[in-house]
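Heavy atoms only: backbone and side chains are in, while hydrogens, waters and symmetry mates are out. Counting from 1, the numbers follow the sequence of the chain as shown.
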Amino acid sequence: MARAYPLEKIRNIGIMAHIDAGKTTTTERILFYTGRVHRMGEVDEGSATMDFMVQEQERGITISSAATTCSWKDHRINIIDTPGHVDFTVEVERSLRVLDGVIAIFCARNGVEPQSETVWRQADKYRVPRIGYVNKMDSIGADFGRVVKMIEDRLRMKAVAVQWPIGAEDSFRGLVDVVEMKAITYTDDLGTHPVECDIPEEVLDSVTAARTSLLEAAAEYDDSLMEKYLDGEEISADEIRGALRKGTLDTKICPVLCGASFRNKGVQRLLDAVVHYLPSPLDIPPVDGVNPITGMCEQRGASDDEPFSALAFKIAVDPYVGKMTYFRVYSGVVNAGSYIYNATRDKKERIARIVFLHANRREDAQEARTGDIAGALGLRGTVTGDTLVADGHPIVLEPMQFPVPVIDVAIEPGTKADQDKLALALAKIAEEDPTFQTHTDRETGQTLISGMGELHLEIIVDRLIREFNVQAEVGKPQVAYKESITLPATAEGRYVKQTGGRGQYGHVVFQVEPLPRGSGFEFENRVTGGAVPGEFIPAIEAGVREATVSGILAGYPVVDVRVSLIDGSFHDVDSSEISFKIAASMGFKNACEKAAPILLEPVMDVEVIVPEDYLGEVLGDLVARRGEVCGSEHRAGAQVIRAMVPLAEIFGYATDLRSKTQGRGTYTMQFSAYRQVPEAAKNRIMARLFGRI
């Protein structure tokens with residue numbers, strides 16, 4: 001079958017931003033102007049196309065990333081609309097892994113907000129080119145120039161204004177295209193009849209300054225342009241766009257546009273910018289991977305003639321069609337009904353159906369080609385991050401990494417009949433969401449579910465009731481503490497058991513030492529001279545790893561520690577893998593007891609926005625919650641406080657903040673790092689924990 005759109009005319013883009021910056025509203029306008037929908041839905045009314053989950057419609061927020069496809073000026077644009085709430089950051093992470101470009105949306109009043117920084121860093125990790133879109137130019141306190149400066153200062157990116165607003169707040173009526181030096185105003189409510197006119201006198205100075213900055217940035221990426229600029233020659237709009245495109249693809253420049261999506265102003269020009277500045281699959285480097293058979297590094301280029309390779313980046317359990325796997329094709333072609341090879345799991349699978357997605361609607365297709373983002377039905381053994389390839393051409397692409405859950409709650413089935421249904425439902429949700437985990441507490445026998453925040457777990461419990469028809473009782477949120485050590489120490493573990501016949505003998509000597517925060521766990525074998533036979537080393541490491549699951553202080557996982565096996569002994573007859581495994585577990589716990597163990601807690605980066613009248617009271621409350629205030633700044637008639645606050649102290653903060661500010665204060669938070677719990681707080685935690693046990 002012939003390709004409908006050549007590769008150079010395909011754009012795989014995501015829309016990312018802080019919560020309430022207007023991602024879904026902008027996507028809705030994009031679908032309307034490209035003819036994909038004939039009526040614009042609204043987030044506040046629960047009618048937005050991309051927010052199709054019941055929970056999204058009720059809360060007016062995006063929870064799950066949604067994919068769609070549209071066409072604009074002979075280009076095919078595949079779009080993924082991502083959530084803005086920090087609890088659902090995994091949706092952004094896995095979307096960015098497979099996207100070629102991104103529209104980063106900023107609120108014209110609040111500018112670069114905490115989640116804006118988080119998603120920007122995620123895009124940096126995958127080197128995804130970006131364009132910026134300053135939305136809500138019609139809102140009170142809108143300041144385009146200030147937001148452009150914030151992008152440069154906070155995100156360390158060369159922000160180039162390719163547009164300039166005409167007016168702001170209630171007087172926002174259009175924009176100036178700085179590349180073409182033309183003004184565009186909007187005369188109708190739907191924004192379908194923009195009118196070109198002369199640049200208004202009121203913005204001429206600002207536009208002239210923006211034009212100078214634009215030309216300087218473009219000239220840095222094109223030598224011939226630099227010569228023209230220095231000689232004072234005329235530079236065409238196409239030349240400027242070509243140079244800006246080079247800088248954008250190199251992730252050194254971020255073209256910034258403006259608009260008011262809710263008022264239907266600026267979205268068509270945003271689509272033009274997607275075509276002009278963001279990459280096609282041909283513009284990104286070939287994907288790297290490892291051949292699982294030879295262990296050699298290989299690449300796959302963006303071509304239908306290359307062997308098929310794709311990455312499964314999301315699993316969704318559809319109530320009508322069952323398990324659906326979202327995948328991005330990096331090379332080759334795959335047909336519906338064909339067999340493919342899961343190189344990550346070493347398993348053959350059959351793609352029963354291929355569908356292209358439009359939010360929660362599906363359109364059957366016979367094939368998926370290079371550059372396509374599609375859904376596959378029938379892949380039973382595939383999970384998020386797996387590589388799918390043509391049989392006989394194995395390659396494993398770079399896997400995804402996901403943040404660790406920071407909050408636990410206990411969950412119990414409402415009735416005996418719900419018990420089996422609960423386990424099955426939790427397993428399905430965990431398959432969909434890599435940041436959701438479930439396990440059983442060995443001491444209490446309770447089922448614990450872990451997630452990224454209170455809202456994350458609240459949504460999951462709501463889904464259990466509505467989607468899976470499981471009634472469940474949920475306990476209070478519990479912080480996912482961890483343990484570590486602060487000093488090096490040496491200790492031994494000896495397991496000797498004699499039962500009349502063949503006995504058990506294992507003896508190890510460990511040295512443990514602390515590692516920097518976030519390092520995890522390392523095991524090193526430093527035994528020389530055959531004190532411990534090599535065949536027992538894997539069992540020793542397994543014993544230590546099992547012991548790290550439950551620490552010696554309060555039974556929490558032990559992290560950021562290096563364990564070195566430095567000595568030991570064995571018996572020719574009685575030594576076995578199990579005896580060394582038990583000895584290793586004993587030795588690790590003995591060493592940790594000597595190494596000054598500590599308790600670690602998750603600390604959140606919190607941004608609180610309050611009217612100035614309440615600044616003192618809110619600051620005092622944050623300090624009382626063991627918060628470390630990092631600073632405050634004035635923004636659009638309010639004070640913005642940034643603080644590092646332990647997660648244990650932030651539960652229920654939304655209600656307290658509203659009561660202290662007469663409902664006018666708001667806050668956002670994101671996980672920052674694990675830090676040591678102060679002694680007084682540790683004693684309270686230990687007393688509460690062992691009092692419960």
Side-chain angles (χ1 to χ4, degrees), residues 1-13 67 69 76 78 80 94-100 126 279-316 321-357 362-400:
M1 188 184 295
R3 174 179 279 282
Y5 292 87
L7 270 174
E8 63 270 15
K9 293 198 172 183
I10 290 179
R11 302 289 184 270
N12 289 314
I13 66 166
T69 300
R76 176 173 179 162
N78 299 319
I80 297 181
R94 59 183 169 192
S95 298
L96 286 172
R97 172 66 181 81
V98 298
L99 291 171
D100 301 334
Y126 295 116
S280 73
L282 294 174
D283 293 315
I284 61 171
V287 289
D288 297 317
V290 175
N291 187 313
I293 298 173
T294 64
M296 301 294 290
C297 292
E298 293 185 8
Q299 289 186 331
R300 292 285 189 272
S303 169
D304 290 345
D305 298 327
E306 291 258 347
F308 168 70
S309 66
L311 189 74
F313 67 94
K314 180 175 178 175
I315 305 296
V321 297
K323 177 179 171 181
M324 181 161 63
T325 304
Y326 290 61
F327 66 97
R328 156 72 193 265
V329 183
Y330 284 101
S331 64
V333 181
V334 63
N335 295 299
S338 63
Y339 284 89
I340 52 97
Y341 175 64
N342 185 327
T344 307
R345 311 258 158 212
D346 188 20
K347 181 184 290 187
K348 251 189 177 183
E349 296 248 45
R350 180 176 178 270
I351 295 183
R353 287 171 60 194
I354 294 174
V355 294
F356 288 117
L357 303 155
R362 297 164 296 279
E363 299 169 357
D364 278 290
Q366 289 300 310
E367 63 181 15
R369 290 176 169 267
T370 303
D372 286 343
I373 292 176
L377 301 170
L379 302 181
R380 299 191 177 188
T382 299
V383 300
T384 301
D386 284 359
T387 302
L388 309 174
V389 297
D391 200 12
H393 300 276
I395 186 174
V396 177
L397 303 179
E398 180 188 353
M400 301 186 212

Run I80 and F313 through side-chain contact (heavy atoms from CB on, under 4.5 Å) and show every step you take. CA-CA 12 Å; I80 297 181; F313 67 94; 4.0 Å; yes
Under a 3.5 Å distance rule, please check whether [X] uses its side chain to pair with a backbone N or O of [Y] as donor and acceptor.
{"X": "N291", "Y": "T294", "answer": "yes"}
{"X": "T344", "Y": "T387", "answer": "yes"}
{"X": "S309", "Y": "V389", "answer": "no"}
{"X": "E349", "Y": "G381", "answer": "yes"}
{"X": "R76", "Y": "D372", "answer": "no"}

Please tell me whether T370 and E306 have a donor and an acceptor in their side chains that are separated by less than 3.5 angstrom.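 No pair is found: no donor N or O on one side chain lies under 3.5 Å from an acceptor on the other.
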Determine the minimum heavy-atom distance between T382 and L388, stating which atoms define it. OG1-CD2, 3.9 Å
Spatial distance of atom [atom1] ([X]) from atom [atom2] ([Y]) [nearest 0.5 Å]:
{"X": "I351", "Y": "L379", "atom1": "CD1", "atom2": "CG", "value": "5.0 Å"}
{"X": "I354", "Y": "L377", "atom1": "CD1", "atom2": "CG", "value": "9.5 Å"}
{"X": "K348", "Y": "Y341", "atom1": "NZ", "atom2": "OH", "value": "10.5 Å"}
{"X": "I284", "Y": "N12", "atom1": "CD1", "atom2": "CG", "value": "8.0 Å"}

Does the Lys NZ or Arg CZ of R328 fall within the cation-pi geometry relative to Y326 - under 6.0 Å from the ring centre and within 45° of the axis?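 Judged by the rule (NZ or CZ under 6.0 Å from the ring centre, within 45° of its axis), R328 is not positioned above Y326.
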